[in-house]
Amino acid sequence: TGRVQIVVLDKTGTITMGEPKVTDLHPARGVTEAELLTCAAALEAKSEHPLAKAVMARAEGMTLPDVTDFRALPGNGLSALLAGKALQGGNLAYISGFTTVDQSTRDQAEALAAQGKTPLYFAKDGRLLGVIAVADAIKEESPQAIRELKKMGIRVVMLTGDNRRTAVAIGKLAGVSEVI
């Protein structure tokens with residue numbers, strides 16, 4: 001290891017705790033928080049993604065309807081049928097294929113991402129339900145460990161499947177300027 005020049009660290013579970021939690025619920029106009037969370041949790045119940053677990057934890061104790069025809073599309077989102085109506089959850093690009101996301105919601109989600117939170121968009125039957133933000137706390141020792149690596153002359157890179165804006169915000173908090 002004496003000749004190591006670059007260290008690439010995964011974000012989730014290495015730099016962060018690996019235990020994402022729901023931080024914000026932003027229902028669309030005419031949608032309640034309960035409706036947004038119920039639909040999101042019903043969809044996420046079929047997913048094995050760490051962010052799904054965060055939504056499920058937030059919905060603990062709620063009675064969730066069953067979804068059918070569940071599909072996970074890696075890197076994009078989820079789809080299913082809820083009482084015969086199409087239900088989707090995922091990133092902005094994916095959801096935009098099913099419904100219109102107004103500029104106010106986009107701005108709200110951008111602000112959440114700038115805080116290191118991951119915005120998850122949900123739609124039902126062609127209508128935006130809203131955005132649920134999820135965040136994973138940085139491990140207490142991560143910034144110090146990254147400083148130590150840099151002092152040793154090692155280039156530190158953070159690798160993540162998260163959206164760019166959120167990833168850059170987490171990288172900044174941890175002391176990593178190079179994010180992939």
Side-chain angles (χ1 to χ4, degrees), residues 10-13 16-138 159-170 179:
D10 182 41
K11 178 182 73 74
T12 305
T16 64
M17 300 292 285
E19 298 172 11
K21 295 188 180 352
V22 170
T23 59
D24 303 85
L25 292 168
H26 292 283
R29 178 169 285 140
V31 177
T32 66
E33 280 190 6
E35 181 183 4
L36 170 60
L37 186 56
T38 299
C39 288
L43 184 59
E44 297 285 8
K46 302 276 187 177
S47 175
E48 295 178 5
H49 196 281
L51 299 184
K53 291 181 177 115
V55 174
M56 294 305 300
R58 180 66 177 257
E60 191 174 339
M62 295 178 80
T63 302
L64 301 177
D66 286 327
V67 298
T68 58
D69 199 26
F70 175 82
R71 292 191 184 126
L73 302 150
N76 289 299
L78 310 170
S79 69
L81 293 175
L82 175 61
K85 296 187 178 188
L87 183 63
Q88 296 88 19
N91 62 36
L92 175 61
Y94 178 68
I95 287 298
S96 294
F98 301 98
T99 188
T100 301
V101 179
D102 61 87
Q103 193 58 50
S104 172
T105 300
R106 288 173 187 252
D107 292 345
Q108 215 171 33
E110 283 289 318
L112 293 166
Q115 297 168 30
K117 300 173 183 179
T118 301
L120 305 172
Y121 297 80
F122 293 90
K124 179 181 171 190
D125 202 26
R127 178 175 170 233
L128 182 69
L129 292 173
V131 174
I132 296 178
V134 179
D136 189 4
I138 293 176
L159 183 67
T160 182
D162 211 336
N163 75 66
R164 179 114 187 110
R165 186 141 186 172
T166 299
V168 168
I170 294 291
V179 175

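- In this structure, the side chains of Leu43 and Phe122 come closer than 4.5 Å at one or more pairs of heavy atoms.
- Within the model, atoms CG of Asp136 and OG1 of Thr23 stand 11.0 Å from one another, a figure rounded to the nearest 0.5 Å.
- Scanning all heavy atoms of the two residues, the minimum distance from Gly126 to Thr99 falls at O-OG1, 3.0 Å.
- At a threshold of 4.5 Å between non-hydrogen side-chain atoms, the residues Leu78 and Glu44 count as touching.
- With hydrogens and angles disregarded, no donor-acceptor distance shorter than 3.5 Å links the side chain of Asp69 to the backbone of Ala80.
- Remark: side-chain polar atoms of Asp125 are not paired, donor with acceptor, to backbone N or O of Ala86 under 3.5 angstrom.
- You'll find the side chain of Asp162 reaches within 4.5 Å of the side chain of Lys11, heavy atoms only.
- Taking both residues in full, the closest heavy atoms of Ala113 and Ala169 are given as O-CB, 3.7 Å, listed atom of the first, atom of the second, then distance.
- When all heavy atoms are compared, the tightest approach of Leu120 to Val134 is CD1-CG2, 3.7 Å.
- Between Asp24 and Ile132, the closest side-chain pair of non-hydrogen atoms is not below 4.5 Å.
- Remark: the backbone N or O of Leu112 is not paired with any side-chain donor or acceptor of Arg165 at under 3.5 angstrom.
- Counting heavy atoms from C-beta outward, Leu81 and Val67 have side chains that stay 4.5 Å or more apart.
- Atom-to-atom distance recorded for Leu128:CG and Asp102:CG is 7.0 Å, nearest 0.5 angstrom.
- We find the CG-CD distance between Asn76 and Gln88 to be 12.0 Å, quoted to the nearest 0.5 Å.
- When the shell of 6.0 Å around CE of Met56 is examined, it contains more than 12 heavy atoms from other residues, nucleotides or ligands.
- Residue Pro50 comes nearest to Pro20 through the heavy atom pair O-CG, 4.0 Å, listed as atom of the first residue, atom of the second, then distance.
- Environment of CD in Gln103: crowded, with over 12 heavy atoms of neighbouring residues, nucleotides or ligands closer than 6.0 Å.
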Pairs under 3.5 angstrom only: tabulate donor-acceptor contacts from the side chains of residues 26-42 to other protein residues two or more places apart or in another chain.
from, atom 1, to, atom 2, distance (Å)
His26, ND1, Gln108, NE2, 3.3
Thr32, OG1, Glu35, N, 3.0
Thr38, OG1, Ala34, O, 2.7

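- Proximity of Ser96 to Arg106: side-chain heavy atoms (C-beta onward) are separated by under 4.5 Å at one or more points.
- Of the N and O atoms on the side chains of Asn163 and Thr166, at least one donor lies less than 3.5 Å from an acceptor on the other residue.
- For residues 75-121, the set of pairs meeting the ring-ring contact (aromatic ring centres under 6.0 Å, His included) definition, not counting sequence neighbours, comprises Tyr94-Phe98.
- Ala167 and Thr160 make their closest contact through CB-CG2, 3.4 Å (heavy atoms, listed as atom of the first residue, atom of the second, distance).
- With a 6.0 Å radius and a threshold of 12 heavy atoms from other residues, nucleotides or ligands, Asp10 has its CG atom above the threshold.
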Residue pair Leu129, Leu87: steps toward the side-chain contact (heavy atoms from CB on, under 4.5 Å) verdict: CA-CA 10 Å; Leu129 292 173; Leu87 183 63; 4.1 Å; yes
